[in-house]
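Have a look at the structure below before the remarks.
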Amino acid sequence: MHEMQRIPCVIMRGGTSKAMFLKANHLPAEKALRDKMILEIFGSPDVRQIDGLGGADPLTSKLAIIGPSTHPAADIDYTFGQVSITAPYIDYSGNCGNISSAVGPFAIDEGFVAAQSPATTVRIHNTNTGRILVAEVPVENGRAKVKGDCKIDGVPGTGARIMLDFSGTAGSATDKLLPTGKSVDTITTSKGPLDISIVDVSNPCVFIRAKDIGMTGRETPQEVNGNPALLALLEEVRAKATVMIGMAPDSETATQKSPAFPMIAFVAPAADYVDFTSGQTIGKDQVDFLSRMMFMQVLHKTYPGTGTACTGAAAKIPGTLVHEAIPHIDSISTIRIGHPAGIIEIEAAVENGEVTRAAFSRTARRIMEGYVYVTNA
C-alpha cells in the first residue's frame with residue numbers, strides 16, 4: 001500500500017476569506033477519522049501550519065465540505081469547519097458567510113447544479129445550522145463567472161457580483177431571532193455591569209457599545225489585538241453570552257469548544273476613521289455606523305459575512321444596541337457598516353419579528369485545484 005493518500009482538493013477564495021473545498025465522498029465517513037485527515041491537510045495544530053495547506057491565519061484556516069443535498073428544498077449540502085491553528089480541533093458550530101459565497105460557484109463548476117445563464121440560483125443547505133441560504137451566481141459559458149466590476153473592501157481588484165441572502169437563516173443556532181427574548185440584556189462582568197444584545201441570524205452574534213468598554217469603534221486590528229486586557233474582557237463577555245443562549249454549559253467550555261461562535265462585536269455611531277489597509281480616511285458620511293467584530297479571539301481584519309447578515313438584521317430590530325447606533329435606521333434599507341478595512345453594505349428588513357431580507361454582495365474565485373497528500377497513519 002502506498003504510504004501517501006491523495007485527496008482531490010480545491011482552494012477557493014470566498015469574499016475576504018479562503019478555504020479548502022473537499023467533497024464529502026472523498027473523506028472518511030467516521031467523524032474522528034475524517035477530522036484527523038482534515039487536520040493533517042491543514043497542518044494543524046501548528047502556529048505556522050507549515051506541513052499543510054492552512055495559511056496560519058483564522059481567515060485562511062477554513063474548510064468547506066460539499067456533497068449532494070440531504071434537504072428537499074436545497075440543491076447542495078455544505079458543511080463549514082473552522083480549523084484551529086493551535087489545537088487539534090475543528091469548530092463546526094456555525095457557518096462562514098464569506099466562504100458561503102464560494103459554495104455556489106463551486107457547485108456550478110463541479111456539476112452539482114445545472115448552469116443557467118445569465119445567473120444561476122443555488123439553494124445551499126448549511127448543515128451546521130440546518131438553514132438554507134440562497135446564492136445568485138452569474139454564469140457565462142456554463143461556468144461561474146469570475147470577472148466583473150464588483151469591488152469588496154479587503155480583496156484586491158474586482159470580480160463578478162454574487163448575491164447572498166441569509167434571510168432564511170434566522171435562529172440558526174438557537175431557533176430564535178432574539179435568543180434571550182430581549183433586545184438588550186445586562187450581564188455582570190469583571191469590569192462591572194454591561195449591556196449586550198444577542199441576535200441570531202446565520203450565526204449568533206453578541207453586540208456591545210464601544211464606549212462601554214473604553215473603545216471608540218475606530219480601532220485597527222493592531223490596537224485591539226495588542227491589548228490583552230481588552231481581548232480577555234471581550235472573551236469573558238462572549239463566553240457568558242454563549243452560556244446564556246445554551247451553546248455551552250459554562251464559560252470555560254465556551255472558550256475551548258465553541259471559540260468561533262457566537263461572534264462578538266463592539267459598535268459605535270458613525271465617525272471618520274482610517275482604513276488600516278490603505279491609510280485612507282473613511283468619512284462619517286460614507287457609513288451608517290462603525291463596528292469591529294472579533295473572530296477566534298482576535299479582531300477580524302474586515303467583517304465576517306455571517307456577521308454582516310446578523311448585524312444588518314440587528315440594526316432593524318428596535319431596542320438593540322445596533323439599532324441604537326444608527327439614528328436614521330428606519331429610513332434606510334441598505335446599511336453601510338464601517339469596518340477596519342472599509343465598508344460593507346447589507347440589505348436588511350425585519351417585519352413583524354421575521355427577517356425578510358438579509359442580503360449582501362461578495363465575489364469569489366477558484367484559485368487552485370489538484371490533490372493534497374496525507375499519510376495513511
Side-chain angles (χ1 to χ4, degrees), residues 7-26 53 55 59-69 71 73-81 95-129 131-166 168-169 202 302 304-306 308-309 344 346 358-372:
I7 310 293
C9 176
V10 173
I11 298 177
M12 292 196 72
R13 176 185 63 76
T16 55
S17 293
K18 198 159 53 175
M20 311 306 145
F21 276 64
L22 304 170
K23 290 183 181 176
N25 65 329
H26 292 149
L53 293 176
L59 302 189
T60 54
S61 192
K62 293 173 180 278
L63 163 76
I65 302 173
I66 308 296
S69 177
H71 194 295
D75 300 308
I76 194 165
D77 270 8
Y78 150 57
T79 302
F80 171 71
N95 185 19
C96 172
N98 277 294
I99 296 309
S100 296
S101 68
V103 174
F106 180 88
I108 293 165
D109 289 351
E110 295 289 333
F112 282 101
V113 177
Q116 294 179 312
S117 296
T120 300
T121 298
V122 183
R123 300 167 303 165
I124 300 164
H125 173 219
N126 174 236
T127 66
N128 307 76
T129 60
R131 296 297 193 270
I132 292 173
L133 49 125
V134 179
E136 191 172 283
V137 184
V139 166
E140 196 170 69
N141 299 323
R143 305 273 292 181
K145 196 165 182 277
V146 175
K147 292 183 178 178
D149 58 6
C150 180
K151 170 83 178 89
I152 61 173
D153 288 335
V155 178
T158 61
R161 182 185 302 275
I162 299 161
M163 286 302 293
L164 278 177
D165 188 356
F166 281 85
T169 65
S202 65
T302 55
T306 56
T308 299
I344 187 166
I346 171 81
F360 59 93
S361 59
R362 298 279 82 185
T363 63
R365 80 175 185 93
R366 182 174 294 233
I367 293 171
M368 188 222 76
E369 60 182 37
Y371 297 93
V372 57

Quick check: does any side chain N or O of R123 sit under 3.5 Å from a backbone N or O of I132, one acting as donor and the other as acceptor? no

Tightest non-hydrogen contact, residues A144 and V137, listed as CB-CG1, 4.0 Å

Do the side chain of S69 and the main chain of A74 share a donor and acceptor less than 3.5 angstrom apart? yes

Determine yes or no for a side-chain-to-main-chain donor-acceptor pair under 3.5 angstrom, with T306 supplying the side chain and C96 the backbone. no

Is the NZ atom of K151 crowded by more than 12 outside heavy atoms at less than 6.0 Å? yes

In short, P68 meets F112 closest at the heavy-atom pair N-CE2, 3.9 Å

Assess whether side chain to side chain contact (heavy atoms under 4.5 Å, CB included) is satisfied between I65 and L63, documenting all intermediate values. CA-CA 7 Å; I65 302 173; L63 163 76; 4.0 Å; yes

Rounding to 0.5 Å, atoms CZ (R161) and CD1 (I152) come to a distance of 10.0 Å

Smallest separation among heavy atoms of V139 and Q116, with atom names: CB-O, 3.5 Å

Return the minimal non-hydrogen interatomic distance between I76 and G67, and the atom names on each side. CG1-O, 3.3 Å

Positive for side-chain contact (heavy atoms from CB on, under 4.5 Å) with N95, one of N126, T127, I124: N126

Indicate every side-chain donor-acceptor pair of residues 7-20 with a distance under 3.5 Å to a residue at least two apart or in another chain.
{"from": "R13", "atom 1": "NH1", "to": "G15", "atom 2": "O", "distance (Å)": "2.9"}
{"from": "R13", "atom 1": "NH1", "to": "T363", "atom 2": "O", "distance (Å)": "3.2"}
{"from": "R13", "atom 1": "NH1", "to": "T363", "atom 2": "OG1", "distance (Å)": "3.1"}
{"from": "R13", "atom 1": "NH2", "to": "T363", "atom 2": "OG1", "distance (Å)": "3.2"}
{"from": "T16", "atom 1": "OG1", "to": "N98", "atom 2": "ND2", "distance (Å)": "3.3"}
{"from": "T16", "atom 1": "OG1", "to": "T302", "atom 2": "OG1", "distance (Å)": "3.1"}

Begin with the C-alpha distance, continue with both residues' side-chain angles, and end with the deciding distance and a verdict on side chain to side chain contact (heavy atoms under 4.5 Å, CB included) for D153 and I344. CA-CA 7 Å; D153 288 335; I344 187 166; over 6 Å; no

If you count heavy atoms of other groups shown closer than 6.0 angstrom to CG of N25, is the number above 12? yes

Any chance you could measure L59, atom CG, to I99, atom CD1, to the nearest 0.5 Å? 9.0 Å

Rounded distance [0.5 Å steps], CD1 in I162 versus CG in L164: 7.0 Å

Show the nearest heavy-atom pair for residues G97 and F360, with the distance to one decimal. O-CZ, 4.5 Å

Between A160 and C150, what is the shortest heavy-atom contact and its length? C-CB, 4.3 Å

Could you note down all residue pairs passing salt bridge (charged side-chain N to carboxylate O under 4.0 Å, His left out) where residues 97-117 supplies at least one of them, sequence neighbours left out? K23-E110, D109-R143, E110-R366

Holding to side chain to side chain contact (heavy atoms under 4.5 Å, CB included), I want the full list of residues that pass it with T169, two or more places apart in sequence or in another chain. R131, L133, F166, V201, S202

